[in-house]
Structures are given as C-alpha cells and as structure tokens.
Amino acid sequence: DGMNILFIVVDDLRPVLGCYGDKTVKSPNIDQLASQSMVFSNAYAQQAVCAPSRVSFLTGRRPDTTRLYDFYSYWRVHAGNYSTMPQYFKENGYMTLSVGKVFHPGVSSNYSDDFPYSWSIPPFHPSTEKYENDKTCRGKDGKLYANLVCPVDVTEMPSGTLPDMQSTEEAIRLLNVMKTKKQKFFLAVGYHKPHIPLRYPQEFLKLYPLENITLAPDPWVPEKLPSVAYNPWTDIRQRDDVKALNVSFPYGPLPDDFQRQIRQSYYAAVSYLDTQVGLLLNALDDVGLSNSTIVVFTADHGWSLGEHGEWAKYSNFDVATRVPLMFYVPGLTTSSVSEGEKIFPYLDPFSHGLGLVPQGQSNKVVELVSLFPTLAELAGLRVPPACPESSFHVALCTEGASIVRYFNASEEKVEEKNGCDDTCRC
Amino acid sequence: FNEEPVAFSQYPRPADAPQWNSDKPKLKDIRIMGYSMRTIDYRYTLWVGFNPNNFSADFEDVHAGELYMMETDPNQDYNIYNNTSHGSLLKKIL
C-alpha cells in the first residue's frame, strides 16, 4: 500500500554538511538522517538558479525542454503540459501537500505553485515570507537595514517568528492530520534558508566564532576562466551592507573580513536549517510514521562562498550546481525498527558533535532530473517512460533515469580505492 | 551499469563579458548558453551561441570552453580547455 513520501528541498544549500565531510558546519540532524540513508556525493542540478532548477526536477525534464532559463514562463503554457512528480503521486492515490518554497513562486508556477494540478490542497506559504527582504537587520548604529549578513533577535521579527519556523510548524500539523486520517501522503517541505538574506536567529553565530572562519581555498578569479563563465554576483551587491562597501563591478573583490562574515553567516544559517529539519524528523517519529515514510533530502542548487572570486549561484561551477541528495527508505536503506523506537530524535547542534556516517553512499554522478523516476520506483509506482528525443507533446515522461539501481550496487568503497575522501570522514 | 554516469547542467548568459544582467538574463536577452558535462573525472563546458526565439543552441558558434580534471584540480581553478584537444568530448556532449 505504498510508502508515504516526505520530500525536503532546501534553497541554495551546497553540501556543507557533516555527512558530506565538511569539518566546519554543525548539522547533526541532517547527519543523523544520512546515517539512515543512501547518500549521493556527486549530485548535480540542471541549472544553478531557483525556478529553472525546481521546474526541471519537479517535471523530470531538462531546462531545454521546460524552456525555462529565467523566472518568467509557466511550462504548461510556454513549452508543454508536462506532468509533475507531485501530480503523478496525486494521480496514484496520494494526498499531495506543499509547505514553504517547493515550486518557485510567481509566473514559473502560475502564481499557484501549480495548484490544483500538483497539490491536493492549496499550498502553504509562511505569513512572514513577505518580510524576507524588508529592513529587519539591525546595524551597528542600531538602525534597521536590508543586509546580506543578518543575524536577528527572533523576538524582534514581525510576528516574532521566521518563515522556516512557520513551515516546520505547518508540516508537523499536516503530519498529525495525515496520521489521524490514515491517509497516504506526499508532503513536500521547502525551506528558505540559507538563501539570501542570511537571516537567522543570532544565537547560531556562537557556533562559528569569526576567528575560526577562513576564506575560500581559491578566492581569486582563475586566470584562464572565460569571462562568459564568470557570474558577477549582482544580487548580493544590492544588499545594504554590500552596497556600503562600494566594491567595483564585476570582479570586486569583497574585503577579506566581509568574505569571512558571509561564510560565517552561511554556516550559521545552515545550522539553523538543520534544527528545523531535526524538529520535522522528530515529529515524524512522534506520530509513528518513520517506518512507513520515505524521506528525500536535497536542494535546488548550491552557492559559491567566494571560490573563484564568486558568490551566489548563477554559474556552471560545481560549487553552484552540486547539491546534497539522500534517500531514507525504511526496509531498504535501514532495517525497520521496533514500534516506538525513535529513529530521528532531535539533536541540538549546540551540544552535539560530529560522528555520524552515511548508511550507504554512492559517488556515482547523478542529476536532480532523476528524482521523479527514482521516487516513483521507490514508492512502487510505475516508473515514467524515458522521453523521446523531442517530448514537448508528451505529458508524462522523464529525461532522467532512476538511480535506484545505485542503491544496491556494491559501491566500490572510496576509502579502499584511493584513501578516504571527504564524505567518508564524517 | 557499465555506462559512465554523466550529469548535464547549463547556464544562460546575455553577453561574453559580465554585465548587470549576467546572473539572471531574461529569455529574450539570452545570447549564449553554457552546457556542462560532468563525470567523476572531469567537467567539460562549452559556451555556445543561443537563439532565444527558437531555443536553438549553435555548437558551431563556440564562444569559450572550460575543461577541469577533478583528480588534479578538484576546485576547478585551472582551465585546460585551450591546451588540450577535446574533439571526443565535443562529440560526447553533442
């Protein structure tokens, strides 16, 4: 009778996580999920910008088929009436639910997150989302700004909360409703952080003392980088704190100290996100659904933290396209646990160190466009057929291949082959 | 199984040199598309002419190329596109 699906997608998260070998970031809850999951260490987005990447993996089509390279067209009108992954689950008896940022809002999802095609009920958006770009960051002078680096006192925020906190609350509420109704569900939860502005509860700064934060290993524009390949990080330049630095266009650079502040706040935002994921997974345990729910954790693309003299996404560099990708599948990636036993107890990043290793890992190169067929196969649904060369007229097909075959492959252990790579060090 | 896993990404640009809309060009302003092919060993990227009116990429019109070997250059800082022959990669990406 099919597993439930909890699909967690994070905005602009590169794999700076303990379970991907990062030695700086504290992400115990995501690492705990990884310890029960199949983790792909070489997963890539089809385009390193929000709407095109999301429409691509949610329809299982590449950008040249969705014909969305910017934010201003809706694929059903502009390219073809492609079925989406949630729509497919809905047509197969699932209650499909969207919380937070799953589709990119606006034109590219028809100002409706593609409801009612993709979702059973109107998608939930946190009420405080509208303040995201307001002047809510307190400067040294005590005034409020719209900064890039924005640690905040949450009690001072509009409604005394933040969008991702509201999303977690709503997702937990929906889990309880689904449990009560004994209804099979596909619940997609889209977290905003660490997308800019890097606005997060200021206490997370304590995890990352500035003196411990280094510059990127290669913070210069490479000599032989073609100028067309370089992204001039225009969006962060428009933030008040960056604007005040008056850096030259297009190559900057930003002052070293500010570069370290950005990296510090990105890490702090990741740990804040980790706590939200931890609360959500703890609730999955509490409602007794951990043994009957597949959990997918991924991101829409990465984010450059000063490598190659670049910031943000908007490029083909691995730091902008590589994403975390892991699948927790009860009975496949872990043996089912006894009733009542907790699989995902909440872990406090302030008191919990590293130490968790992925249950399974694959360094096979995979793509987000494979998510749709992979999840269909894991859920026991018919896998959508491969698309023909030109598929604008085909409603249901996929341009990615299912990667379930890599779950079982006796992965050549990286540490046996050529020493321990980053991932196995966690 | 024996097929080498490959990941394809792409990114649009309005011009060869960075300008204010380079990060997020509107469809009508896209003139170049960067197509990337990644395997465990390398990233090969071709920046080619793109026509936004008929969504066609012209692989005869190559504006620039990138090639990084992951084993020796994991951070992708040393573009060796211009000092290597890459006919086979061009064929593969096509």
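In what follows, chains carry the letters A, B, and so on, assigned in the order in which the sequence lines appear, proteins first and then strands, with residues in each chain numbered from 1.
- Contact of the B/Asn79 side chain with the A/Pro222 side chain is not registered, since no non-hydrogen atoms from C-beta on lie closer than 4.5 Å.
- For A/Asn231, the parts sitting under 4.5 Å from any heavy atom of chain B are the backbone and the side chain alike.
- When all heavy atoms of B/Thr39 and A/Val365 are compared, the closest pair comes out as C-CG2, 3.7 Å.
- Side-chain contact between B/Ser36 and A/Tyr44 is absent, with no heavy atoms from C-beta onward closer than 4.5 Å.
- Residues B/Phe8 and A/Gln46 approach most closely at O-NE2, 2.8 Å, considering heavy atoms.
- Residue B/Asn83 touches chain A through its side chain alone, counting heavy-atom pairs closer than 4.5 Å.
- Nearest heavy atom pair, residue B/Ala17 against residue A/Ser227, reads CA-OG, 4.0 Å.
- Using a 4.5 Å cut-off between heavy atoms, B/Ala15 touches chain A through its backbone atoms (N, CA, C, O) alone.
- Heavy-atom distances place the side chain of A/Pro250, and not its backbone, under 4.5 Å from chain B.
- Your options are B/Gly65, B/Ser9, B/Pro74, and the one with the most heavy-atom pairs under 4.5 Å with chain A is B/Ser9.
- Rounded to the nearest 0.5 Å, atoms CZ (B/Arg13) and OG (A/Ser315) are 6.5 Å apart.
- For B/Pro14, no part lies under 4.5 angstrom from a heavy atom of chain A.
- Contact of A/Glu307 with chain B is not made at all, since no heavy-atom distance falls under 4.5 Å.
- Atom OH of B/Tyr35 and atom CG of A/Asp64 lie 3.5 Å apart (nearest 0.5 Å).
- For B/Ile32, the part lying near chain A is the side chain, with the backbone staying farther off; criterion is any non-hydrogen pair under 4.5 Å.
- Contact of the A/Pro52 side chain with the B/Gln10 side chain is not registered, since no non-hydrogen atoms from C-beta on lie closer than 4.5 Å.
- At a threshold of 4.5 Å between non-hydrogen side-chain atoms, the residues A/Ser73 and B/Leu27 do not count as touching.
- The parts of A/Pro63 that come within reach of chain B are both its backbone and its side chain, each placing non-hydrogen atoms under 4.5 angstrom from that chain.
- Heavy atoms closer than 4.5 Å to chain B are found in the side chain of A/Gln238, but not in its backbone.
- Between A/Thr321 and B/Tyr11 the shortest side-chain heavy-atom distance does not fall below 4.5 Å.
- Other residues, nucleotides and ligands contribute more than 12 heavy atoms inside 6.0 Å of the NZ atom of B/Lys92.
- Heavy atoms closer than 4.5 Å to chain A are found in both the backbone and the side chain of B/Gln76.
- In this structure the side chain of A/Tyr230 never reaches within 4.5 angstrom of the side chain of B/Ser22, judged on heavy atoms.
- With a 4.5 angstrom heavy-atom cutoff, B/Ile30 touches chain A only via side-chain atoms.
- Contact check on A/Asp318 versus B/Arg38 returns a salt bridge, with a Lys/Arg side-chain nitrogen under 4.0 Å from an Asp/Glu carboxylate oxygen.
- In this structure the side chain of A/Lys224 never reaches within 4.5 angstrom of the side chain of B/Tyr81, judged on heavy atoms.
- Residue A/Ala229 touches chain B through both its backbone and its side chain, counting heavy-atom pairs closer than 4.5 Å.
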A/Asn316/B/Arg43 under side-chain contact (heavy atoms from CB on, under 4.5 Å): CA gap, chis, key distance, verdict: CA-CA 9 Å; A/Asn316 272 320; B/Arg43 168 163 74 93; 3.6 Å; yes
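- Between A/His78 and B/Phe55, the angle of the ring planes goes over 60°, which puts this pair in the perpendicular group of the 30/60° scheme.
- Ring-plane geometry between A/Phe249 and B/Trp20 is classed as parallel, the angle between the planes falling under 30 degrees on a 0 to 90 degree scale with a further cut at 60.
- Within the 4.5 Å cutoff, side-chain heavy atoms of A/Pro232 are placed close to those of B/Asp23.
- Taking CG from B/Asp77 and CZ from A/Phe317, the interatomic distance works out to 7.5 Å, rounded to the nearest 0.5 Å.
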